[in-house]
Amino acid sequence: MILAIDQGTSGTAALVVAPDATVVGQGRVPIAAHHPRPGWVEQDAAEIRRSVQRAVQLALADAGDPPLAAVGLTNQRETAVAWDAVSGRPLAPAIVWQDRRTAPRCEALRTAGWGACIESLTGLTVDPYFSATAYEWMLANHDPVRDAAARGNLRLGTVDAWALWNLTGGAHVTDVSNASRTMLMDLGTQAWCDELLELFGVPRQALPTIVDSAGEIARTAEGSGIAPGVPITGLAGDQQAALFGHLAHAPGDTKVTYGTGGFLLQVAGEERPADVEGLLTTVAWRREHRVTFAREGSVFVAGALIQWLRDGLGLIAEAGECEVRARRVPDAAGAVIVPAFAGLGTPNWDPRARGVIVGLTAGVTADHLCRAALEAIAHQIADVLDVMDPSDAPLRVDGGAAASDLLLELQAAIAGRPVIRPAQLETTALGAAYLAGLAAGVWGSAEEIRRHRPPDRVIEPCGDLGAVSRDMWRAAVDRARRWAPDA
C-alpha cells in the first residue's frame, strides 16, 4: 500500500492507495486560516503539523493499518513557514500564499527594475504570491525569526519542508517543484540563486536541500504517526501533483484544479519554454534527474468563493447547495461577481484588485448570486486559457468544486472546449501516490496505472446556459482592478 498525504490550504487529506490504484482508506482534517488585517492570511504551523498526523491516523485506521511500501506527500505551495532547528517549534505564523502584505515591496522591486531579472531567473512574476518576500518579511518583523537566524538555528521552507521535517525527525528537504515557487530558485540550474538570496536577505543555511520529486527522499521517524523507516518517495507541490495524477504527461496536456484557488498547468516538455506574458514558467516535476517544465496560470479564488457564500454571507448552508440554488434560475439576472479577495492572478497580476459585485438590481436574489459565483469561477479559468492555450483542446479537471455538474457545464460553454472529469476527484493526492509508487516499484509505468483507472466523464460544450458574455465579464474585472491603493 501507498500512503498519500495532501496538505492543502483548507485542510489535510490522507489516502491509502492499493496496488490496483484504488483508494482503500482515507482521512480528512480541516485547518483554519486567520485574517489579522485586511489582505493578510496566516495559518498556525503547529495546527498544520497536527492535521497531518491526525489525517494519517484516520486513513491508516480506515484501511485496517496495512503495511506501507512508500509515502507520497503533496502540499499547498508558496506558504512560508519559519521554525527553530533545535526545538522544532514554529517561530511565527505561517504566511499563506494568498497573503498580500508584501505587495508594496513587490511594487518597489518592479519599479527598481528587478521584474525582468527575477522573471528570467525564476520564471515567475514579482508578486506576494511567492515565498521570497514572505521570508524577508518574517526576518524583518519577527524577533524570534531574526534571533534564530543569528544563532544559525533558523529553518525556512514551504509546507512540504515543514511536514517532512516532522515526519522524518529533522530532514530538511524540498523538491524542485516546490522550490520553483519560492522566487529564490534559478530555473536553469534548479539551485538556490545567490543573487536572489542576497536581494531578499534569506540565509542559504536556513533553506532546505532541493531534491527530485520521485526517489527515496527520506524515511519516516518514530513519533510521526507512521511506522518508522517507511521510505518517502514522492514529493511535489499540489498543482504539479494534480497534473501528474491525471497522467497528463505529454506536452500540451492541460489541467485545472478547482480548489481554494483555480490553477491551470500545461505540460511544456523537458526544455524550458519561452516565457508568455501573464503566465508563469515552473517545474512540473523532476524524476531520475530529468526535469519536466510546465506553464501555469493562477486564479486566487475559486472554491473559496463558494466558501464565502456559505461562511461569509450565509446564503447557503453547505457547498453543494450552491449548485442547487443556481439551477433554480436560468441566468444570474445580470449580476457579475469578481472575487478578487486576494488580488488578481493570471493574466492581470494585480495585488491591488479587490472583489466587486456589479449589475445588481432589486430582482437579484440569492439564487442569482449562486449562479454568478459559478460563472465567475468559469470566466476566471477561461481568462487563463485565453493566454495559455486559445485552442479548443480538452481541459482535464479535478478538485472539490469539480463535483458540480453545472460548474463544468458552464466551464465547457464559456471556454468553448470539452471538459474531462475523472471518476476519482482526489487527483492531487493520487498524483503524490503515483509519484511515490512509481519510484518504489509498486507500478512499472504510468500506462500500468492508467489501465486500473475507471473511465473519465467528458462534458461537451453545448447550448446557451445564459452566462454573462466575456465582454461583460471583462468590464466587471476592470472595475475591480487597483481598488486598494495602499495594499
Side-chain angles (χ1 to χ4, degrees), residues 77-85 91-92 95 97 102 104-142 145-162 164-165 171-213 217 235-237 240 271-275 280-286 289-294 296:
R77 306 173 304 168
E78 299 96 17
T79 294
V81 186
W83 68 97
D84 187 280
L91 296 169
I95 299 179
W97 56 271
T102 64
R105 169 62 167 154
C106 291
E107 186 158 338
L109 286 166
R110 289 190 293 269
T111 301
W114 278 99
C117 175
I118 290 173
E119 184 169 351
S120 175
L121 286 168
T122 68
L124 309 176
T125 191
V126 179
D127 193 85
Y129 179 26
F130 308 108
S131 316
T133 55
Y135 294 150
E136 181 184 47
W137 192 94
M138 288 176 167
L139 283 159
N141 291 278
H142 284 290
V145 176
R146 192 164 47 247
D147 293 345
R151 295 192 307 270
N153 292 342
L154 177 64
R155 296 295 178 265
L156 295 170
T158 42
V159 168
D160 61 310
W162 169 240
L164 277 167
W165 177 277
H172 194 34
V173 294
T174 188
D175 94 294
V176 66
S177 74
N178 277 293
S180 74
R181 312 299 300 182
T182 61
M183 213 160 66
L184 293 173
M185 191 193 85
D186 185 319
L187 205 57
T189 64
Q190 291 144 50
W192 300 123
C193 174
D194 289 330
E195 185 177 5
L196 295 177
L197 295 181
E198 182 178 356
L199 174 65
F200 293 106
V202 175
R204 177 184 285 272
Q205 68 178 21
L207 292 172
T209 301
I210 300 173
V211 300
D212 279 2
S213 309
I217 295 161
L235 178 62
Q240 288 92 333
E271 298 292 331
R272 177 177 174 172
D275 292 335
L280 309 174
T281 304
T282 194
V283 171
W285 48 76
R286 195 173 71 192
H289 307 297
R290 294 176 60 183
V291 66
T292 296
F293 291 96
E296 177 169 342

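Heavy atoms only: backbone and side chains are in, while hydrogens, waters and symmetry mates are out. Everything numeric here is computed off the predicted structure, so don't read it as measured data. One is the number of the first residue; the rest follow in order along the sequence.
The CG atom of Leu154 sits 8.5 Å away from atom CH2 of Trp83, with the distance rounded to the nearest 0.5 Å. Put simply, CG on Asp127 and CG on Leu109 are 11.5 Å apart, with the number rounded to the nearest 0.5 Å. The structure places CZ of Phe200 at 10.0 Å from SG of Cys193, a figure rounded to the nearest 0.5 Å. Taking OG1 of Thr282 as the start and CD of Gln240 as the end, the distance is 5.0 Å to the nearest 0.5 Å. Put simply, CZ on Phe130 and OG1 on Thr122 are 7.5 Å apart, with the number rounded to the nearest 0.5 Å. Here the CD atom belonging to Gln205 is positioned 10.0 Å from the CG atom belonging to Leu156, to the nearest 0.5 angstrom.
When all heavy atoms are compared, the tightest approach of Arg181 to Leu280 is NH2-CD1, 3.5 Å. The minimum heavy-atom distance linking Met183 with Val126 is given by the pair SD-CA, 4.0 Å. For the pair Ala82 and Met138, the tightest heavy-atom approach, listed with the atom from each and the gap, is CB-SD, 3.8 Å. Nearest heavy atom pair, residue Leu91 against residue Ala148, reads CD1-CB, 3.6 Å. Between Val176 and Arg286, the closest heavy-atom pair is CG1-CB, 3.5 Å.
No side-chain heavy atom of Val81 sits less than 4.5 Å from a side-chain heavy atom of Trp165. Considering only heavy atoms from C-beta on, Ile210 comes within 4.5 Å of Thr174 through its side chain. A heavy-atom distance below 4.5 Å is found between the side chains of Leu187 and Phe293. Side-chain contact check for Glu107 versus Thr111: some heavy-atom pair is nearer than 4.5 Å. The closest side-chain heavy-atom distance from Glu136 to Thr102 is not below 4.5 Å. With contacts defined as side-chain heavy-atom distances shorter than 4.5 Å, the pair Ser131/Leu184 does not qualify. Contact check for Met185 versus Leu196: no side-chain heavy atoms found under the 4.5 Å cut-off. Counting heavy atoms from C-beta outward, Leu207 and Tyr135 have side chains that approach closer than 4.5 Å.
Checked by atom type and distance alone, the side chain of Ser180 pairs as donor or acceptor with a backbone atom of Ser177 at under 3.5 Å. In this structure a side-chain-to-backbone donor-acceptor pair under 3.5 Å is missing from Thr209 to Val173. Arg146 contributes a side-chain N or O that, together with a main-chain N or O of Leu139, makes up a donor-acceptor pair within less than 3.5 Å.
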Take Thr182 and Trp192 through the test side chain to side chain contact (heavy atoms under 4.5 Å, CB included) and record every step on the way to the result. CA-CA 10 Å; Thr182 61; Trp192 300 123; 3.4 Å; yes

Take Val291 and Arg272, measure what side chain to side chain contact (heavy atoms under 4.5 Å, CB included) needs, and give me the verdict at the end. CA-CA 9 Å; Val291 66; Arg272 177 177 174 172; over 6 Å; no

Yes or no on side chain to side chain contact (heavy atoms under 4.5 Å, CB included) for Arg151 and Asp84, after CA distance, side-chain angles and deciding distance? CA-CA 10 Å; Arg151 295 192 307 270; Asp84 187 280; 3.2 Å; yes

